[in-house]
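One structure below.
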Amino acid sequence: MKIIKNIIKFGKITPVLLGLIAFSFCGKEKPAEAESSVGSKGIGPITSVTLGALDEGMAQKGKQNFETKCSACHKFEEKVVGPALKGVTERRTPEWIMNMILNPMEMTQKDPIAQELLAEHLTQMTFQNVQESEAREILEYLRKMDKK
Amino acid sequence: MVLISLGYGCKGGAATAALASDAAKRVYVAPGEKDEVYAFLSGGFSGQMSVYGIPSTRLFKIIPVFSVFPENGYGYDEETKNMLRTTHGYVPWDDSHHIEASMTDGKQDGRWLFLNANNTPRLARIDLRSFETKEIIEIPNSAGNHASPFATENTEYLMAATRFSVPIPQASVPIENFSKGDFKGTVTMVKVDPKSGRLSLELQILVPGFDYDLSHCGKGKSHDWCFFTSYNSEQAYKMIEVGASKNDKDYILAFNWVRAKQCLDQGKASNFGGEYYRNYLPENQPAISEKLSGVKMLQPKDCPGVMYYMPTPKSPHGTDVDPTGEYIVGGGKLATVIPVHSFSKLMDVKDKPEHRSGMIMDIPILKYESTLAGEVKKPCLGPLHTEFDGKGYAYTSCFVSSEVVKWELGTWEVEQHLPAYYSVGHLSIVGGSSKDPYGKYLIALNKITKDRYLPVGMELPQSAQLYDISGGKAELLSDFPTVGEPHYSQMIPAKLLMDKAAKIYPLEENKHPYAIKNEKDARVVREGNTVRVYMTQIRSHFKPDTIEVRSGDTVFFHVTNLEQDFDIPHGFAVGGAPEMPNLLIMPGQTRTFKWKAPKPGIYPFYCTDFCSALHQEMQQYIRVLP
């Protein structure tokens, strides 16, 4: 794990190089199987999220943070820098979404879905200094958008 | 090598170079590993400060302080250009000599560094979280702010004394009046706010017209005192290199700053003229530049006990106080001894008439022997500056014989001669000027490097040399070229700084008046002939991306970097912009690029700091309409 830690510290590594590095230790560490990653929780601080009925207050806070820190790269209906987010809460587990927000660097190095997304979009998703509670609120906002 | 034996030869000096056989191992810092110490070197005539890792001697960063810096736009953009305002106008360069680290109870606390500007008297504060210059204050009634900025034990004050005495207040008088007493010097007490670090002028003291060279403040028992060297007590004003070297002794001025403050509080200082700027860079806002006027000036005659002169041979440079606060070591650059004054003796004799030999401007001159603790006899040629290892040893740099001399406090015996290549000025030991040195590394800051490196034209790099002083004998480990002329340094253990280093400016705390925190708010606003572009950056695009203005418009690009990730600055540059260089905008920061729209055409702008695989795509156009 030390290698990975050092790469994360590297900061401004280009996605292409990142891809190579990720690939190189994919050979050494057994990667998660792509098929089994469909219900994956991803890699990061979030291991379990219990969803209840939609919380409007949280979704509202999530919207504000989304607009400041995410909307420069993500729209709902179309791909811009990153993928379109419509339906994301149906495609991914809540844990995966929050881990992607909170731990995008390690996700794009090790998580098979995130690796594929990086290969497609070629821009490393940024960590936007989002706290865990804020990531949960953003998730709530994404749920709300998917229920529309 | 001929040069060494002829020009720099000295018994046990440069000719006896020997490198420890395992030196390479001791300076090797493996990939991914970190250095043990930060070394901050002043840049001399570059006006900057540079940051090195020790023991690797790798250069990490140049921090712009008194000189503009096209690499990141310091001194050019709307946010930082006011940092370089002075009563002489915008002064985009200086000659910076001495770095001081902030201290609490005489120990380095890792909050701020301070740096002087000699040419246009100024003093700067550098924040050690962001490694950025946050404040610059001009020193009025001063000409050549050399003996500066030396801090008291708790960084209550920084001292600043003038190198070139001049008429105060300024006046056009015959220069020969220098020797008639028309020229004066000043000692300035700059107060440091203990929480914010903000600087203010508290008091100036008018002193005789000599050249004040260096200073160091006391510690422990000598807490209330600071010591200033002076040369040219002859008050020569022509052919000074001869005229100022006649007296057998010049002086160390012992200054009781606590007493000075007492006299100020008792109303003994009077209002005096003097205009000056104070420029302050709040976090993520444009610099606030204030022009202030007037100081409180104290005359030594109105405050008995505030100052004493200790005669010191001969044209002294350094005045260095040992970690216990007892010994004040002079560096008489033309002297054959290293004189050491005793603080206890100074206290004993200072007010006894039989220990005085005269007065200058009501400042008592004490007899040399009365305060002398001892002399290191014939240590070297040209002793300059002394640092301490905290283990009872002192290290003195010797400019003429190009060596560092290790000697013992108390016995005054020389223990070791260490060669330096060449013409060493100051030394630095980690925490060596504090109460608590971390006596492992010493660097010698050299003025000349002839034959040390591959030649690169007429001007060779100045250099520094790294010694290991942890064992019984000090050993040379390596040398390295430096940025500008390294004048003085503070070395700080890495553990005191590295975990506090700022990684981003949090967007939610960005109070810049032209910041936008959301791509939705990106826009172009016209106000007459002024156009304000509220722009955002994130990997890997700008918003707005295509812009139209009219020829002759004044365009302000207020660029906010929306990234909140460590080490993702973006750059901003416009093709052919004649007045603005590149800007680097840190994550969460807003900076402003001012541009006079030129003749009609299409002008590209782009990101200059490689930010992602699509960095090359981070580019767009401005159309200038007729």
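All chains are named by letter (A, B, ...) in the order of the sequence lines, taking the proteins before the strands, and each is independently numbered beginning at 1.
The only member of B:Asn510, B:Leu583, B:Ile585 that meets side-chain contact (heavy atoms from CB on, under 4.5 Å) when paired with B:Asn561 is B:Ile585.
For B:Lys517, the parts sitting under 4.5 Å from any heavy atom of chain A are the backbone and the side chain alike. In this structure, chain A has a heavy atom under 4.5 Å from the side chain of B:His541, while its backbone stays farther away. B:Leu507 touches chain A through its side chain: at least one heavy atom from C-beta onward sits under 4.5 Å away, while N, CA, C and O do not.
Ranked by heavy-atom pairs shorter than 4.5 Å toward chain A, the options B:Ile538, B:Leu562, B:Ile504, B:Asn518 are led by B:Asn518.
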Result block: side-chain N/O donor-acceptor pairs under 3.5 angstrom for residues 51-58 of chain B, not counting sequence neighbours:
from	atom 1	to	atom 2	distance (Å)
B:Tyr52	OH	B:Val483	N	3.3
B:Ser56	OG	B:Asp35	OD1	3.1
B:Ser56	OG	B:Asp35	OD2	2.8
B:Ser56	OG	B:Arg58	N	3.1
B:Ser56	OG	B:Arg58	NE	2.9
B:Arg58	NH2	B:Asp35	OD2	3.0

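Between B:Glu132 and B:Lys134 a salt bridge is recorded (basic side-chain N to carboxylate O distance below 4.0 Å).
Taking the six-membered ring where tryptophan is involved, the planes of B:Tyr38 and B:Phe60 are perpendicular, since the angle between them exceeds 60° and thus also 30°.
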